[in-house]
Every structure is written in structure tokens, then in C-alpha cells.
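So you know, we letter chains A, B, ... as the sequences are listed, proteins then strands, and number each from 1.
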Amino acid sequence: MTGKPSLKCLTAFLLLLLANSYLFAQEKIVTGKVKDPQGNPLPGVNVNVWGSRQSVTADVTGSFSIPVPSDNSTLVFSFVGFLQKEVKVGDQTDLQVTMAYDNADLDQVVVVGYGTQRRRDLTGSVYSVKPGQITQTPTFNALEALQGRVPGLDITRSSGNAGAGVNILVRGQRTLNVAQVVQEPLYIIDGFQGGNIADLNPNDIESVEVLRDASATAIYGWMGANGVIIVTTKKGKERPKVSYNGYYGVNGYTAYPKPRIGDDYVKLRREAYRTTNGDYPANDELLFTAGPERDAYLADQWIDWVDLVQRNGVQQSHTASIQSGGDKTKVFFSTGYYKEEGALRGNDMTRYNARLNYDQRISNVFKSGLLTQVTYSKTNLRTDPITNALTTIPLGQVYDDLGNIRVVALDNSARVSPLSDERPLAYKHEQLRTNLTANGYLELTPVNGLSIRSNLGTSISFFRTGYFGDSLTVQNFNRNPTTARQQTGFSRFYNWDNILTFTRKFNDHGLTLTALTSYTRSDEEGLVYNGIRQLAMSQYFYALENGTWVANPGNGPSSGSDYTKATSFSYAGRINYSYKGKYLLTASLRADGVSRLAPGQKWDYFPSAAVAWNIHQEDFMQNALFVNNLKLRASYGIAGNAGLPAYATQNGIIGGVNLGFGDANAPYYIFNTIVGTPNLGWEKTASTNLAMDFAFFKSRLYGTVEVYRAHTTDILFSRSLPQSTGRGSVWQNICETKNKGIELAISSVNVNTSDFRWTTNLTYTSAREEITSLIDGKDILSTERNSLLLGHPVSSFFTYKKLGIWQTSEAAKASELKWGTSAGTGFKPGDIKLADLNGDSIINGEDRTFVGSTVPKWYAGLQNTFSYKGFELSVYVFARWGQVIDAEFMTRYTPSGTGTSNNGPAKFDYWTPENPTNDFPRPNLGMNSITNVNGYQTLSFIDGSFFKVKTVQVAYTLPASASRKLYTERIRIYATGNNIFTKAKNKLLTDYDPERGGSESSPLSRQVIVGVNVDF
Amino acid sequence: MTSCEKQLNEYNPGGSTAEEIWTSPQGFVTAVNAAYVVQREWYGKEDGIFMGETGTDLWFNREKNTYARQNTKYEGLSPVDGNPPKQTWMHLWRGINQCNAGIGRIDNAGFTDMVEKNKRLGELRFLRAFYYWHIVESWGGVMLRTKETDSVALHAKRSPVEDFYSLMIDDLLFAKDNLPISWGAEYGRASKKSAMGLLARVYLSRAYYSPDGSADANSWFTKARDMAQEVITKKAELQTDLWATPGELWNPANNKKNGEANKESLYTITWSAKNLTANNQPSGNVTHSTFLTLYSNKPGLTAAIEYGRDNSRRLMPTLFLLDLFDETKDARYEASFQETWASNAASPYAWNATDLTTYNKDASAVPAGTTIPAGSTALLITKNVVADKKTRPYVVYDRNDIYNVDGTIKTQSQSTHWVYPALRKFIDLNRPAATPTADIGYNDIFVIRLAEMYMITAEAEHKLGNNQAAADAINVLRTRAAKPGQAASFMVSAGDINTEFILAERGREFCGEWMRWFDLKRMLKGQDFVDYIKTSNPDITLVQDFHRLRPIPQVGEMDALLNREEFGQNPGY
């Protein structure tokens, strides 16, 4: 600072000047009284003249008196537990101010489909998320921050990779199509479709509304079938505000099973030897193949590959924003930077955002605005070597004498080093993505109560993936030569909505009519260019034309392009009616047409209706003072789903060139696996929702209970055809499912004194899904992971049932049970004990059964926030219980333990005559893969219930006086730990975060972050 | 509304439909080519070897491991387990559907040149018969599909084996009459000799489904013989011939030359080393590594193209197979099996104390420091007994190290060793020299060789009671198989001919060539099948009569069939 005296002096001078100007400008004194919604005086409220350091506290009668510089001054009233309120002084001198509870505020305006409503007028299931909750979890993706905070919204992170998204389901899985896009809810950003939620900077978000029942989503027709998530970004304010939000921390400390190493590893091989040969080897040396393997063993060169491939990366985010404007113009501008380094070296994601929201009132009739955003992101990917790390022999030398990574740790080994991709110039996989969203609207209000609005939304995305791997990378080693690829995609999305709204109030009757048309169109184009045998490694995926196909320069690298177009057209109408604000009715009808369904089947109609009753406004409730809100809601509606990809009704063939006779090429067109079906129609979901909203004891206890039931019929499914047809699958309207559930959101203000405050938020969801009918009247059997089973959820597992491991004492019984056929081998102690369901003493296809589902029995989030003066501690725990996961690494147990084959997790307890565990079968030299063990399929499916301390945050907000000394309005600093503790029900998941869902690659990591929020 | 409707029409310039592409003669060729795609899943990948060769008298898992044990030793072979039957079932039917589609659509392809049209139809019908022969011989009388799948098809009914053969014979007769003798550079296409060769094989297989000795059986045997003889008599016209010696036949340099098929091959599945885009999978033909032994970890040796890739070795010969050969007279042993490896290390290897112990050397005869010079023998793995193996200055394994006296395989627990004489028929010199451990291979596969026509003749003649004629046919092959000066004593006479002998001779001639399981299945029935396998390959203990058919896959086929109970699994499974 000493180097810049002039700046310091100048600033001090300017501030002195400002301070003086307030003193001199003092003109009048305003008095007033602050009350709560019941009309009781509110003592202790802080009253501040905006833009100055002038503030007072209301006394025990709620009265205050404060000098203001002019009529244009604004007073800001703030008090813990109430919404901040701003009042322009104007010509008033005696202000009567009523403050609203910041919880469950019935006059809060919530965003609904094609409009807004006061919370008290809602008939559908709309859950609002407060702005602060979204930025509490340090993530680049706003949806991840909603995990467990919205009942009925089941969110899991899709992988631990930098920039990975989330899997999200609103009220469970109803449809069968496993394609993510079809199960995802509809995202509406500022009233527009088509933006990518992952592109949004969470700091730009003002509020999020989740629409769950048919009444709330019906106005979106078929697109709302899986629920709707409405995001509203920040708008300009008359009172300018400049903010900075930033954090910095570590992403890592990943939980992952340790591989066997040292004596633990040798022991398994020893046991395998014993099983096969009847006795242990004369000495351990005999277990190892002569040459590099045995040399490494004798030299004690052990390697913990899992440890070597992981790191702790850095995660940081910086956002600056301005909210500004006047009577007619409002502007919000923000710019953000986010960077996350994954747990693997070379895996990172950087994102830059800029957003400009501009609203302009042109006259009393015209209003228009632009909501624009540009996002650029760069992601570096890695071929996840963690499976290799877990299964590669833990012996050898990782580095050569010069410290370079050796491609194989053991000479002549067929197993590539998991670190091979980290060699200089060996590997690069880079994705660039740019998205431009430009949404505009024009709104006319020719007469009071009538509004005509036209929305034109566009979203344009460009991506480029560049991939380069030399012949010694994890992917190519011993398989492919140097390969390189560049792939680009260009997608356009247009959305044109025209909405007419008419609102009229006469006497006790309130009426709102909405009519709209909606058109969407998406075009996606892609281009891919493959190179092979690049000459110069430093060219990476550029100059692909320099690659060669050996000895035949005439045949260049391969390329391809594709195009997909989908359109939809819709009409909808809605009526909202209220009588005396007590009795509410909503009804809507929407007609949807989509291109992807077959001609003649493209159009359908989707109705809905809902009623609500504001009980607390009835006369008979007048004396029930402790009831602040009590409302019953009921809704019914039908939603459609065209859940299949474009062109699925067409019978396609796919071209290929890589075939030849002798040295001559032979281009071919071979059948697509999908057989086209000309009569596919709509899938429909009829759902009923019953709910109660309540707030008691001055709104210190409030919440919502909802129960729902959804019945989906004509579900579209790509079913497997018998292989003897020579084709793979066919789309059919195939089955029915029923979903039901109960959702609970309860918040309470447990302690509320002027210094100390403790609040609790609980969300709980318990849901059931089942397939109630299938087209053939019986189960549709396919693989372990995608069979359809009557009476069970869509996402169920179907295989043998594991009872444990056959024990020595059961040898006779085990040998009577045969594998496969009556002539099959009998089981032995140490084999997996499988349930013989039909009692025929043969374990075969008939003994497969339902062994679990990925659908949890319940999931819940519990947030406790404690604040004392400026300090705040919040603890957020999350649990997901009763689901079975497909834990891939369970089959990484390797019974032979031999060198060229596999290693596996150290903690997996295997059977030996002396160790009668029921976890894993006996080691055996002959079983060089787990797939040789009869019934191994069942090992993967285990209970994935877990409980996790998702977020712990400690924050401190400087007192207003202190922050103003730093020339800011507000400074908050915080430290957050994310994913910090996980406890799985199943002991086999001790070193694994089960939220990942069982996949062994890209495990979830932990984050420890410090951050600051500053408003100027 | 109509303009809206227009907006909702699907526009798909990136996709293609059969109606767009296969409706011109030029476009239709792409449908014919597509029909060839899946044959490379059987010929060139491991599954086909396991389906065609294992579970027989000739092979067992190396080191008695469990790889594909459902096929190699009938352990746990079931509708649910055993990848080779599951995978090949799926691929073969894709081929059938592609052929059916082509055959059904060719009339709408706009051909004006009837010769050209019938050539293409001939290819499709050849391939349909080719795929169906694999299906019916592996799985028996399952569904006989002759029409393209174009709708939701979830039911199937069984057809008798005889119906499959009628269809195949019709198809092949058409193919024989319409396919050209040569395709020039595109020699991987089915030609006239391919159709004739397969037809001879099909007739022979068909004969065994009629009662032994019946007039009907004899009529099929006669057709088989006549067709095989026709190929032999017209071999010049058909542009095929036997190589003069087994050594030339299996010399990897002769696998293909100048873009031409190997002259002994009647039907060839090709890969190209010159034009990699002509290979539908980057790894190409991986057969080269299947039968190799672990040589590259032995003193003085390192992985090399000429010795092959030993990382993915799968199968070892049974003692029965090795002992089929009298290598003093029969050049086929040396042409088929490798017993010695010359040192190829960069610098001469010097024995050290550990290795002397490991390889059981007499340190007084081979003192530490003794070297193995480059080019001299580094490794000998022999089916014979080597009395002085302890004192030879290189690694030696003999018969007693590998096999027990009863013909079972010794447990070589110490993974250092893991050796046996290696089948070298498929050594591939076209592989990229830089990466001898990579699985890529580009050799052509001879699916039907001219030699098979002699063996078909012999087998049919034997069944027709003409053992002298059978011996004559076999002696043609024996003449070229005999080592110099041994021909006279190597000939057989009518008295030598019986089923066992024909099987033995086929083993000597065709071991490893995707055929053995079909030979045993065809010629041996019931307990004979079981006893023969158990005796000759005593490590196989679980084989049963019903194993003469494979199980129909549960997942993918039975599970997806709505009338699966009515259709029924193959017996025994």
C-alpha cells in the first residue's frame, strides 16, 4: 500500500466528502411504527437509510425516528425472520410498516407456467427454493445444489469428473426409455425453453420453482410430463447493487477402495494355488512367473496404483454482478469464472459466463426485454484409469531411471500402466463448448387486466471435441495405433410462444384466463473426422489429414456427419378462478403435436383440473390465531410423453465402409438394430395430487404434505426382439406403471431471539413405483439390468439370488446342487451359494429373480442452521435409503489373483476353509476372471443405502458498521465442506461414495472451500 | 392446421432407408456386401474357434484354465453361460436376416442384366446356406426364417433339420450355377467353387440325418461324393489346386500373394494388410494368437512377429492330437506344430543360478554364464521324451513335463512354464512389426480347402462301402503329406479305412481349422460321441450325448420369445 499513497489519500478524501454531504443534506425526520402480519408491534427492527450509514433500531413499541436527506430517500427495514422491506419516503412523515415473515409468505409471488401467482392462490404443487440455498453448495451446477432440498426431486451426481452433471428425476421414473433426455424434467429459464441448466451461473439465479403435479405442469403439455423446473434469474433493481461472490478450495480426498498390495496380494495368490494344487507352494517365489514379475516381487517393488492415479485438485469460482436501473429500465449484468480440477491429473473444467438481463418499459402499453447469456467452457477429459489401477498387478517399476513414466511397469507385460496417459504428448481429450442464449419478449397491456406477450427464445450451441491418443495410451495399448479425432456439433433451438392473459376481478370473483400457442424446433448437426497414425505427436488432433492408413495413402482418414431435426406445435388454454380468495379452481387443456411420432399419431389433448381451499381465511378460523396458513389442494391431470428419439418410427439402414474383399473396399449398408414401427402413439400419465399447506405459531412451523398417485399407460419402450430375427429392438407402446408417494417439507424456527436463531428444514420423500401391466401379460426378460418385471420398478435388477458362500459343513448339500443342467458340475464349499428358487436342484435361468431396484424406499434432507449475531453454522445431511446399486467393482474380486490378470479391492473378504465368510468365493488359480465363477452376476447388486453429511458451512457476516467501514454494504465470509462424510449401510461400500450409483469409474470426491460474498 | 402438420413431418437427410439405397443395382451391392459382415465374427474372432474346435479330442485349455470352459470341457454350458454360443447365435442370425432381406428385395433393385442379378443373388443364397449350416449343425432344428424381419416378431416355431437342408441345397445349387469362377481382386466373395465345396459338405452332413445304411442316406453320400469329385476333377477350371507340400500350404508367406487367394482355398475370408479400411474391425483376424505357447518369457527369447503374440494364447493340443502324427513320415506335424524356438534376444543370454534352478538344469553340465547365442536353439518343447534335457544348454520341455501317461495334462502350477507344442498354422507375418504383442492380424482364412473334397470323398465312399476308393482319395493327400522318401510306406489301403481312421486323418489334416466339433458331432452319436471324447481327451469328463447340440441362449432369444415354453429349449439344457 505504501507504493500507492495517492490512491489511498484520494479515496479517503472522497469518502470524507460523501460523509459530509449527508450531514449537510439532512432535511427531514421520518417517524413510524413497524408491525408483524398480525398487527403486533415489532421491536428491534433495524431501519437504515439506503446508501448511508444512518440507521436506528425500533423500540419496544416498534416505533422509530430517523433523519433522511430527501423525499427520494429509501428506508430499508430488516429483521431476522422477516423479509427485508424497502419503503420510499416520498412526502410521508409517519410511516406504518408491516413486515412479512420470510417463511411461507402467502403473498410471495411464485413463478408458474406462463405466468406468476401469489402463493395463496396456488392450486398445484409448486415448491420454491430460496436464493441462498442454491449458492450454499459449492458447485457449478445449480441443480446439484438442490439435492435433497426439494421433496420429490431425486438428484444424484452423475460422476466425479470435473464438470459432470447430475441425474435428476421428478417423482420417480414413470417412463421406460433409459435415455436421460426423455426422463429429465423440462427446464424453463426466465419463461423460455431451450437453455442448458448447466450453463447457468448459480450466482445469477434469483429463485427456482419445481412444478410437480399435473395441475402445475399441464400447461406445458407433453414436455412437462416429467415435471418442470423453472429458474428465474436476477433482474435489475432501482437500487443499484454490485456484488462479488467467490470461493476457492480443494476438490479431492476421493474415497475409493484400495487395491491389494504386498503380503495381502501374495496371500490371495497363495490361496489360489492351494485350491488348485491341494497345498500351498513350497515357497512364494513359485507363485510368480519367471522374468520381470518374479524379479519385481523379489525386489519388493510394490505399487499402489489407485493412490498414484489420484490427486487433490483445485476448485474455484468468481462472479461479479451489477443490478441497476430506473423506473423504466432495469439491468442485470454478471460475469463469472469457474474452474474445477478433477481427482485425476489432466481432468479439469473451466467455464466463463456472462449474462445480461435488460427490461425496458416503453410506455404504459409496451414493455420489452432481452435475457441473454453466453457461456464458454473448456473441459479436459481423461480415460478413467481407475479400473486399471484397481486391477493391474501391483508390482513393477512405475518410473524409469530418469523419472519418466514407463508404459508397462513390468517388462513384456500385456497390462499398460494406468499412468500411461500422463506421458508428455501422449494424450489429449479436450472439449470446447459455446452456448449463446438470446431470449426476447414484447409485452402489450392495451387495457388494464389484458396482456399479450410474445416470447422468442433462441439457443445456439457449438461444441468441439478433440481427441488424441498415441499407441501406448490406456485405450490404445496393444490394440490400436495412434488415433486422433475431431468432432464438432452445431445445434440450434427456437422457441416461439404467444401468450394472452386476461385478469379480471369483480366483487368476490377473481378470474384469470390464459391462452397460448407454442412452437419449438431443434436442429442438430455433427461432423466427425478420424485420423490414424498421426506422424507428429505435437499436432495432436490437428492436421488429421497427415495421418496415414499404412501403405495406402489413397484411403484417407474416415469422416462422418449427421443431422437431427425435431419440431413440436402446441395450443393451450387455462382458467384460474377464485371466490373470496378462499375457493380456488384451475383448469387447463393443451393440444400437442410432435414430429417424432408416427404420421396420424402426432397429435393429442392433455387436460387438467385442480381445486384448493384456503381454510384459514374462513370465518370459523378467525379465533384460531396460531394458524397462519391452512390450505387443502387437489388436482388431477393427464400428461403425455413422446419419449422416443427422432426417426424411431422409420426403418433405417446404416452405411459402413470398413469392409473389403482382398485389398478392395466393399461399402455396405446394414440394418439398423431398431425395426421401424409405423403406429407408435403417445404415452400418457394420469396423476392425482392431494396436498396440505400449513403454517402455525406465527409461521414458526410451516410446510407442505403432498401425496400423489400417477398412472402411466401406453409406455413407449424399445423392446428387445429375439436375436433370431437378426434385429435388435422395436419401439412399442408396451406397458403401464403406477407411481405413488408422499412428500413432506417442514420448516421450523426453533429458537428466535435477537442474537440467536436456529432453524430447521426437513424434506422427506417416500415413493413406490411398479410396473402394473405389460403388453404380453408377463415379464419382458432381457439382461440383468434391463428386464421389465411386473410388480417391480422399471429400473430393477434380475439375476440369481445370493445367499452367501457354501461352507465346509454344507459340502454334501452343495454338491447335490448342479450348475446349468442336471449334468452340470456340483457346487463346492467356497462357491457362491445361490438360491434354487424352483427347487429342482439345478441353478439355471429359471432361478433368476428380482434382486432389487435403484429406486430408494425414501430419501430425505435435513438442514439445521444456527446463527448467532453475525455467525452462522449450517449442517446439511442427506440420506437415500433402500435402493440396490449395481456396484461394478464387486466383480473386480479376482479369484486367481494371477499376474497378467487382475488385482482387486483389498477389503474384499474371500472364503477359505479357515475363513468362513459369506462375502466372496474361494480363490482359485483356474478362475482367471470372476466371470468364471458360477453365478458371479449376483455379486454386483448390493444394498446402496447411505447417509451423508453433504454440506457443513460456517459463515460470518460482518456487522453493518464494520462492513461499511470497508466501503461495502455487506461482507460474508464462509468455509464449506462438501460430501465430507458418508456412511453406507453395506460394509462393502466403506471406501466408496454410493451416491455414484455403483459405477467404478469417476468416483465422487470431497470439496473443502473458503469463500466470500460482498455487496457494494 | 395443415401448415402445422407440415412442420411436424420428419426430415431425415442424415439417415437412409432400405427403400432409398437398395433399389438400384449399384446400391443393391451394399446389401450383398452387408451379408458378408458377420461371418468375420466366427472366422477371425475367438468365438468361432471355440465353437468349431474345442470340446473335442484335439484341444484343451492351456494350463487347464477355465477360459470358455463351457465349450472346452462342457462345464456349465447352459442357456445362460458360455459366450461363444451366445455371441455366435446373435451374429449368425444377423447374417440370415441380411441375406433374407437381400433375397426378398432383389426383384425391386432394378437389375436389367440378369447375369449380374443372379450373381448377386447367388452370393446371398450362398451366404444364407453358409450361415444356416452353422446354425443347424450347432443348434439343430430351430426356427427357419426365410423372410426379412420387418415388424414385431416375438413368436417362432421349430422346423425339422431336413427343411434346413432342403433350403441350403436349393440355395447352393442356385449359387453353383450362377456364381462366377473368379471375382479377380475381390477374391473374398463367394465363387462357384465356394458353392460347390460347401454343397459337398452340406450333402455329407445331410446324409447322417437319414438312417445309417438306408437308401436315402446313400443317396446323400453319393451326392456328396459326386460333388466333391466334381470339384477335384474341375480343379483347373475352378482355379484351385493342392500345394505340393504341407510346408508350402502353411507357410505364412503363402497365405495370400499379390491380392490373390491362396490356391487351395475354395472359400476365403479376407483381411487386408495393405488397405486397413477394408477391415471391418481394427484388430482384424486374431486367430494367430489362439494356439500359441508362452515362449517370450524364456531365456534368450523375446516377443517377435515370426513367433507370434503369446499374450492371448488359449488352447493347447491334447497328447492324443500330437500322437496322431508319425512325424518321421508325416510332414504335416512339422508344418502344423512348432517345437523349437531359436534365440532372438538382442544380446546373447547368459544362464544365471535362479534360471538354472527354474528350468531344472544340471549346473555342472550347464555352468552359470553359459550363453545362448542369437539364432541358436533357445527353447525346445517336444511331444517326445528327451533323456538329456538337464544337460542341454537351453530350455527343454518334453512329453513328460506336459502330459501324464494317461493322456491328461499335467498341472503346471508354476506359471513360468506353461508350455506345449504350439499350432503354427495361423502365424501371421502381415502383423505390424512394431507391436508384436498387439492382437492385430491380417491373414486370410481358408474356410473350405480343396483337401476337404478328398476327405469328403473318402468319408462318403467309406459309408457307401467303397473303402478302396476311400483309401485312394486319402492317399492323394498322404502323397503330398509324406516326407521325402516316405511316400510309399505312408500309403493306406482299404483295410485301414474305418470311422476312427477317417477322424484321425481329418485331425491330422484339419486340426485347428474350425471343423473338429462338427466332424465328431456328425460321425459319432450317443454314447460313441461321449466315449470317444472322454477317451481321447481324458481331461473332459462332463460331456454328454445331448451336448451334440448347443443350448439356445436364454437372454436375447428364449427370454424374448413369447412362446418360449412351446418352442422349447434344446434337450438336456
Side-chain angles (χ1 to χ4, degrees), chain A residues 273 277 286 289-291 412 414 478 480 549-552 555 562-563 565 567 569 593 595 602 647 650-653 655 657-670 675 720-727 730 776 781-783 819-821 823-825 844-845 926-928 932 934, chain B residues 4 7-8 10-18 21 30 33-34 37 65-66 75-76 78-80 89-90 93-94 96-97 143 149 152-153 185-189 259 270 272 274-278 280 282 296-297 311 358 413-416 437-438 544 554-557 559-562 572-573:
Chain A
Y273 184 101
N277 297 299
L286 294 173
T289 316
N412 290 337
N478 267 354
N480 297 314
W549 296 79
V550 168
N552 195 352
N555 280 298
D562 61 73
Y563 172 75
K565 177 186 167 184
T567 51
F569 212 99
S595 62
K602 292 180 192 288
Y647 316 131
Q650 299 181 356
N651 208 355
I653 53 176
V657 292
N658 294 339
L659 177 75
F661 298 108
D663 298 330
N665 284 81
Y668 62 90
Y669 274 90
I670 201 161
V675 177
S720 296
L721 286 172
Q723 287 170 340
S724 60
T725 60
R727 303 288 292 270
V730 63
D776 324 315
L781 302 181
S782 185
T783 65
W819 172 256
T821 62
T825 36
N844 59 15
M927 306 268 174
N928 52 6
N932 290 332
N934 293 333
Chain B
C4 304
Q7 285 290 343
L8 296 180
E10 288 205 283
Y11 172 59
N12 185 12
S16 314
T17 57
I21 306 289
T30 66
N33 293 347
V37 169
N65 75 10
T66 54
E75 184 181 321
S78 76
V80 180
W89 170 270
M90 176 181 77
W93 284 110
R94 284 186 68 204
I96 293 285
N97 185 52
M143 54 288 278
T149 300
V152 185
E186 295 193 334
Y187 65 88
R189 292 188 185 277
T270 67
S272 176
K274 291 182 178 166
N275 174 10
L276 300 189
T277 61
N280 61 329
S296 66
N297 70 333
N311 321 53
T358 303
S413 53
Q414 204 174 332
S415 52
T416 304
T437 56
Q544 299 214 33
Q554 185 74 31
V555 176
E557 187 64 40
D559 282 351
L561 277 180
L562 292 185
Y573 292 105

A.B. asks: What closest approach, in Å, do E557(B) and W89(B) show between heavy atoms, and which atom pair accounts for it?
C.D. replies: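 Scanning both residues, the minimum pair turns out to be OE1-NE1, 3.0 Å.
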A.B. asks: Using non-hydrogen atoms only, which part of E186(B) is less than 4.5 Å away from chain A: side chain, backbone, both, or neither?
C.D. replies: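 Both backbone and side chain.
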A.B. asks: Quick check: does any side chain N or O of E10(B) sit under 3.5 Å from a backbone N or O of Y647(A), one acting as donor and the other as acceptor?
C.D. replies: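 Checked: pair present.
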A.B. asks: Can you tell which part of N65(B) gets under 4.5 Å to a heavy atom of chain A, answering side chain, backbone, both or neither?
C.D. replies: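 Backbone plus side chain of N65(B), per the 4.5 Å heavy-atom cut-off to chain A.
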A.B. asks: So which residue, T66(B), V555(B), N311(B), T149(B), ends up with the most heavy-atom pairs under 4.5 Å with chain A?
C.D. replies: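 Counting heavy-atom pairs under 4.5 Å, the top option is T66(B).
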A.B. asks: Which region of S16(B), side chain (C-beta onward) or backbone (N, CA, C, O), has a non-hydrogen atom less than 4.5 Å from a non-hydrogen atom of chain A, or is it both or neither?
C.D. replies: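 Contact with chain A is through both the backbone and side chain of S16(B).
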A.B. asks: Picking from N33(B), T270(B), V37(B), which has the most non-hydrogen pairs under 4.5 angstrom with chain A?
C.D. replies: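 Between N33(B), T270(B), V37(B), the count favours N33(B).
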A.B. asks: Which bit of L562(B) comes within less than 4.5 Å of chain A, counting heavy atoms only: side chain, backbone, both or neither?
C.D. replies: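 Both the backbone and the side chain of L562(B) come within 4.5 Å of chain A.
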A.B. asks: Work out which heavy atom in N12(B) is nearest to a heavy atom in Y563(A); give both atom names and the distance.
C.D. replies: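 Taking every non-hydrogen atom into account, OD1-O, 4.4 Å.
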A.B. asks: Find the one option among D776(A), L659(A), V675(A) whose heavy-atom pairs under 4.5 Å with chain B are most numerous.
C.D. replies: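 Among D776(A), L659(A), V675(A), the one with the most close pairs to chain B is L659(A).
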A.B. asks: Taking side chain as C-beta onward, heavy atoms only, is W93(B) less than 4.5 Å from M143(B)?
C.D. replies: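 Contact flag for W93(B)/M143(B) side chains = yes.
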A.B. asks: Which one wins on heavy-atom pair count under 4.5 Å against chain B: T725(A), T825(A), T567(A)?
C.D. replies: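 Between T725(A), T825(A), T567(A), the count favours T725(A).
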A.B. asks: If I measure from the heavy atoms of chain A, does A153(B) come under 4.5 Å with its side chain, its backbone, both, or neither?
C.D. replies: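 Both backbone and side chain of A153(B) come within 4.5 Å of chain A.
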A.B. asks: Can any side-chain N or O of N275(B) pair as donor or acceptor with the backbone N or O of D663(A) at less than 3.5 Å?
C.D. replies: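 The answer is yes, because a donor-acceptor pair under 3.5 Å joins these two groups.
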A.B. asks: Out of N934(A), T821(A), N932(A), V730(A), return the one with the most heavy atom pairs under 4.5 angstrom to chain B.
C.D. replies: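 Result: the option with the highest number of such pairs is N932(A).
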A.B. asks: Using atom types as modelled and distance alone, determine if a side-chain donor or acceptor of Y669(A) lies under 3.5 Å from a backbone N or O of T17(B).
C.D. replies: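 Side chain of Y669(A) to backbone of T17(B): no pair is present.
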A.B. asks: What residue, out of A666(A), A664(A), G655(A), has the most heavy-atom pairs lying under 4.5 Å from chain B?
C.D. replies: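 Of the candidates given, the most pairs with chain B belong to A666(A).
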A.B. asks: Looking at G726(A), G820(A), P667(A), P722(A), which has the largest count of heavy-atom pairs under 4.5 Å with chain B?
C.D. replies: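 The answer is P722(A).
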A.B. asks: Between N844(A) (side chain only) and P79(B) (backbone N and O only), is there a donor and an acceptor less than 3.5 Å apart?
C.D. replies: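 No; judged by distance alone, with no hydrogens or angles, the pair does not exist.
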A.B. asks: For the candidates A185(B), S296(B), S272(B), which exhibits the highest count of non-hydrogen atom pairs separated by less than 4.5 Å from chain A?
C.D. replies: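 Sorted descending by pairs with chain A, the first entry is S272(B).
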A.B. asks: Would a 4.5 Å heavy-atom cut-off, applied to side chains only, mark I670(A) and R94(B) as touching?
C.D. replies: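 Yes, side chains in contact.
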